[in-house]
Amino acid sequence: MYDLVVVGAGPYGLSIASHAASAGLNLRVFGRPMASWRDHMPRGMLLKSEPWASNLSDPKGRWRLDAYCAEHGLTARHAEPISVEHFAAYGLWFARHAVPEVDERQVARVTSGPGGFTAVTEDGETVHARTVALAVGVMPFVEVPRALRGLHSSLVSHSSDHGDLDQFRGKDVTVIGGGQAALETAALLAEQGTRVRVLARAGRLVWNDVPPPWERPWWQSVRSPHSGLGPGWRNWFYSERPDLYRRLPEQTRARIATTALGPAGAWWVRNRVEGAVEVLTGHEVTAAHAVPGGLRLGTVSREGATRTLETEHVIAATGFKARCDRIAMLSAGLRATLATLPDGSPEVGRDFESSHPGLFLAGLMTASGFGPAMRFVQGAPFTAATLVRGVRRRLRTTPTGGTIPVPGGSRSSSPSPVHG
């Protein structure tokens with residue numbers, strides 16, 4: 001029986017595995033390394049995060065992004081975005097140097113029982129472990145507006161469905177959303193000759209400012225410090241103190257989760273959109289119907305005015321919602337034991353342990369508890385170190401071969417229905 005099974009091999013899963021291996025844990029790691037970055041982001045995309053805020057984490061800090069760039073003749077400078085392709089390659093390099101061998105098979109099911117957990121791979125192998133860390137990224141949590149659900153994938157897709165956009169050359173495409181994924185997707189489409197428009201619910205697009213210089217007068221740094229989530233003390237708090245963020249009242253955390261770091265485009269994509277892409281702000285899709293050659297969208301404006309438009313394809317760049325009922329690999333019985341927060345995401349303790357002892361969660365699933373940093377690579381170092389400490393603590397309190405106790409006082413709830 002393994003001490004730990006890590007499910008997922010993106011930035012969080014690889015970082016957790018590196019810390020766990022360094023701690024001497026007997027572990028297995030499952031998942032195709034950096035799969036989302038390699039398979040679900042079009043060529044030509046750039047990393048929105050600063051290079052210095054995009055490091056995967058090993059205990060000694062040896063395998064940083066700047067070390068990879070130096071070894072491969074690349075630059076990793078402040079305010080110079082790095083390509084998604086280079087970041088994915090960095091993740092593979094990190095895996096080779098800092099992580100035990102990764103089993104690229106997918107885990108299909110995780111169940112709990114006496115002594116811990118059983119993970120079943122896609123080809124039927126069973127693996128037993130005393131603890132499990134789910135670092136499944138964002139793909140299980142794809143969110144598509146209700147009006148677009150159920151339509152064929154030839155008509156509607158999510159922005160994460162595309163490793164390239166070549167299939168849309170010469171077509172008419174409508175991108176739904178006002179955040180970075182929507183705006184950069186639209187820019188890439190326009191640059192390859194696609195007729196593209198952006199339809200956003202917000203009244204106007206929001207653009208991030210060019211970051212201030214790395215070296216600047218001390219009083220400017222004191223007034224607005226750099227952080228992995230952008231300049232300013234509030235962003236610094238989200239970025240650097242997720243442990244304190246977790247102690248905020250639940251109501252405060254819920255408000256921040258819905259308002260902090262909302263949809264916005266990076267400064268370097270702005271001039272690729274303005275003047276090149278049709279933008280319809282203040283509009284929401286209320287209906288969608290297949291018609292010859294594509295689909296017809298019905299929209300309503302913020303003032304209540306309705307209109308229709310026809311397009312050949314819709315790309316919903318509408319993000320992800322990390323709800324417990326979307327963690328499909330967990331058995332129904334195991335999901336039912338998970339306590340949830342008001343937004344449907346799982347509740348986690350100080351060490352990222354869920355309400356089911358021995359089941360640890362990482363990444364987007366924990367953003368409501370630990371803050372906005374968990375939506376970005378920035379959150380991986382804190383998560384990896386903290387979660388592995390929690391795993392070691394759990395292993396010390398659970399005799400080998402014994403049953404991991406479920407505390408009688410845990411607050412649990414059944415999976416909530418999906419809301420649009």
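Counting from 1, the numbers follow the sequence of the chain as shown.
- Heavy-atom minimum distance, Leu364 versus Gly137: CB-O, 4.5 Å.
- Panel note: side chain Arg38, backbone Glu85; no donor-acceptor pair is recorded below 3.5 Å.
- Taking the side chain as every heavy atom from C-beta outward, Ser157 and His313 approach each other to under 4.5 Å.
- Between the side chain of Asn55 and the main chain of Leu65, a donor-acceptor pair closer than 3.5 Å is present.
- Between the side chain of Trp233 and the backbone N or O of Val222, at least one donor-acceptor pair lies under 3.5 Å.
- Thr386 places a side-chain heavy atom less than 4.5 Å from the side chain of Phe352.
- With contacts defined as side-chain heavy-atom distances shorter than 4.5 Å, the pair Val273/Val279 qualifies.
- Formation of a donor-acceptor pair under 3.5 Å by the Thr194 side chain with backbone atoms of Ala190 is not found in this model.
- Taking a 6.0 Å sphere around CZ of Arg350, one finds it holds 12 or fewer heavy atoms contributed by other residues, nucleotides or ligands.
- Using a 4.0 Å cut-off between charged nitrogen and carboxylate oxygen, Asp123 and Arg105 count as a salt-bridge pair.
- A salt bridge between Arg197 and Asp172 is present, with a side-chain N of the basic residue lying under 4.0 Å from a carboxylate O of the acidic one.
- Atom CE of residue Met374 and atom OG of residue Ser345 lie 13.0 Å apart, to the nearest 0.5 angstrom.
- In this structure, Arg323 does not pair ionically with Glu143, as no charged nitrogen and carboxylate oxygen lie closer than 4.0 Å.
- A salt bridge links Asp166 and Arg43; the closest N-O separation between the charged side-chain nitrogens and carboxylate oxygens is under 4.0 Å.
- Side-chain atoms of Val127 and Thr118, non-hydrogen and from C-beta on, never get closer than 4.5 Å to each other.
- Although no hydrogens or angles enter the test, the distance criterion places no donor-acceptor pair under 3.5 Å between the side chain of Thr131 and the main chain of Gly358.
- Salt bridge absent: Lys60 and Asp58 never bring a charged side-chain N and a carboxylate O closer than 4.0 Å.
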Margin query: Assess the residue pair His226 and Ser221 against the criterion (side-chain hydrogen bond (donor to acceptor under 3.5 Å, both in side chains)); give the C-alpha distance rounded to whole Å, side-chain angles, the decisive distance to 0.1 Å, and a yes or no.
Written below: CA-CA 7 Å; His226 286 296; Ser221 296; 5.9 Å; no
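- Here the shortest heavy-atom pairing between Ser355 and Leu338 reads OG-CA, 3.2 Å.
- Residues Thr306 and Thr299 have side chains not in contact (no heavy-atom distance under 4.5 Å, counting atoms from C-beta outward).
- No hydrogens or angles considered: nothing links the side chains of His283 and Ser301 as a donor-acceptor pair under 3.5 Å.
- Around CZ of Arg392, the count of heavy atoms belonging to other residues, nucleotides or ligands within 6.0 Å does not exceed 12.
- Taking CZ of Arg234 as the reference point, atom CG of Leu261 lies at 10.0 Å (rounded to 0.5 Å).
- Here the CD-NZ distance, from Gln192 to Lys171, works out to 11.0 Å after rounding to the nearest 0.5 Å.
- Side chain to side chain, Thr174 and Thr311 meet the donor-acceptor criterion of an N or O pair below 3.5 Å.
- The shortest side-chain heavy-atom distance between Asn235 and Pro372 does not fall under the 4.5 Å cut-off.
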Next item on the list: Under the side chain to side chain contact (heavy atoms under 4.5 Å, CB included) rule, what do Leu47 and Val377 come out as? Steps first, then yes or no, please.
Entry: CA-CA 10 Å; Leu47 203 64; Val377 179; 5.6 Å; no
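- Looking only at distances, no side-chain donor or acceptor of Ser160 sits under 3.5 Å from a matching main-chain atom of Val142.
- Residue His97 holds its NE2 atom at 13.5 Å from CG of Leu56, rounded to the nearest 0.5 Å.
- Side-chain N/O atoms of Trp52 and His78 include a donor and acceptor closer than 3.5 Å.
- Annotation: Arg62, atom CZ; neighbour count of heavy atoms from other residues, nucleotides and ligands within 6.0 Å does not exceed 12.
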Next item on the list: Check the pair His19, Ser57 against side chain to side chain contact (heavy atoms under 4.5 Å, CB included), reporting the backbone distance first and the verdict last.
Entry: CA-CA 8 Å; His19 282 255; Ser57 178; 2.8 Å; yes
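- One N or O on the side chain of Arg149 and one on the backbone of Val144 form a donor-acceptor pair closer than 3.5 Å.
- Considering NE2 of His162 and CG of Asp39, their distance stands at 13.5 Å, rounded to 0.5 Å.
- Ion pair Asp351/Arg389 not flagged as a salt bridge, since none of the NZ, NE, NH1 or NH2 atoms sits closer than 4.0 Å to an Asp/Glu carboxylate oxygen.
- With 3.5 Å as the limit, one finds no donor-acceptor pair spanning the side chains of Ser354 and His356.
- Heavy atoms from other residues, nucleotides or ligands lying under 6.0 Å from CD of Glu71 number more than 12.
- Looking at Ser239 and Gln378, their side chains do bring a donor and an acceptor atom within 3.5 Å of each other.
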Next item on the list: Please lay out, stage by stage, how Tyr90 and His86 fare under the test ring pair (Phe, Tyr, Trp, His ring centres under 6.0 Å).
Entry: CA-CA 6 Å; Tyr90 159 61; His86 285 147; over 10 Å; no
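- Ser18 contributes no side-chain N or O that, together with a main-chain N or O of Leu14, makes up a donor-acceptor pair within less than 3.5 Å.
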Next item on the list: Just do the side chain to side chain contact (heavy atoms under 4.5 Å, CB included) check on Met34 and Phe87 with the steps written out, would you?
Entry: CA-CA 9 Å; Met34 304 298 286; Phe87 182 70; 3.6 Å; yes
Margin query: Ser54 vs Phe376, test: side chain to side chain contact (heavy atoms under 4.5 Å, CB included). Steps then yes/no.
Written below: CA-CA 8 Å; Ser54 303; Phe376 303 91; over 6 Å; no
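- Between Phe382 and Phe370, the two ring planes are tilted [angle within 30° to 60°].
- Rounding to the nearest 0.5 Å gives a distance of 8.5 Å between CG of Asn271 and CH2 of Trp207.
- Heavy atoms of other residues, nucleotides or ligands lying less than 6.0 angstrom from CZ of Arg375 number more than 12.
- Across every non-hydrogen atom of Leu155 and Gly294, the tightest pair is CD2-O, 3.6 Å.
- By the 4.0 Å N-to-carboxylate-O rule, Arg195 lies close enough to Glu312 to be salt-bridged with it.
- Contact of the Val5 side chain with the Phe117 side chain is not registered, since no non-hydrogen atoms from C-beta on lie closer than 4.5 Å.
- Side-chain contact check for Val285 versus Leu199: some heavy-atom pair is nearer than 4.5 Å.
- Using cut-offs of 30° and 60° for the angle between ring planes, the Tyr245 and Phe237 rings count as tilted.
- For Tyr68 and Trp93, the ring centers are positioned less than 6.0 Å apart.
- Side chain of His158 to backbone of Gly319: a donor-acceptor contact under 3.5 angstrom is found.
- Atom CZ of Arg169 has more than 12 heavy atoms from other residues, nucleotides or ligands within 6.0 Å.
- A donor-acceptor pair is defined here as one N or O able to donate and one able to accept, closer than 3.5 Å; no such pair exists between the side chain of Ser15 and the backbone of Tyr12.
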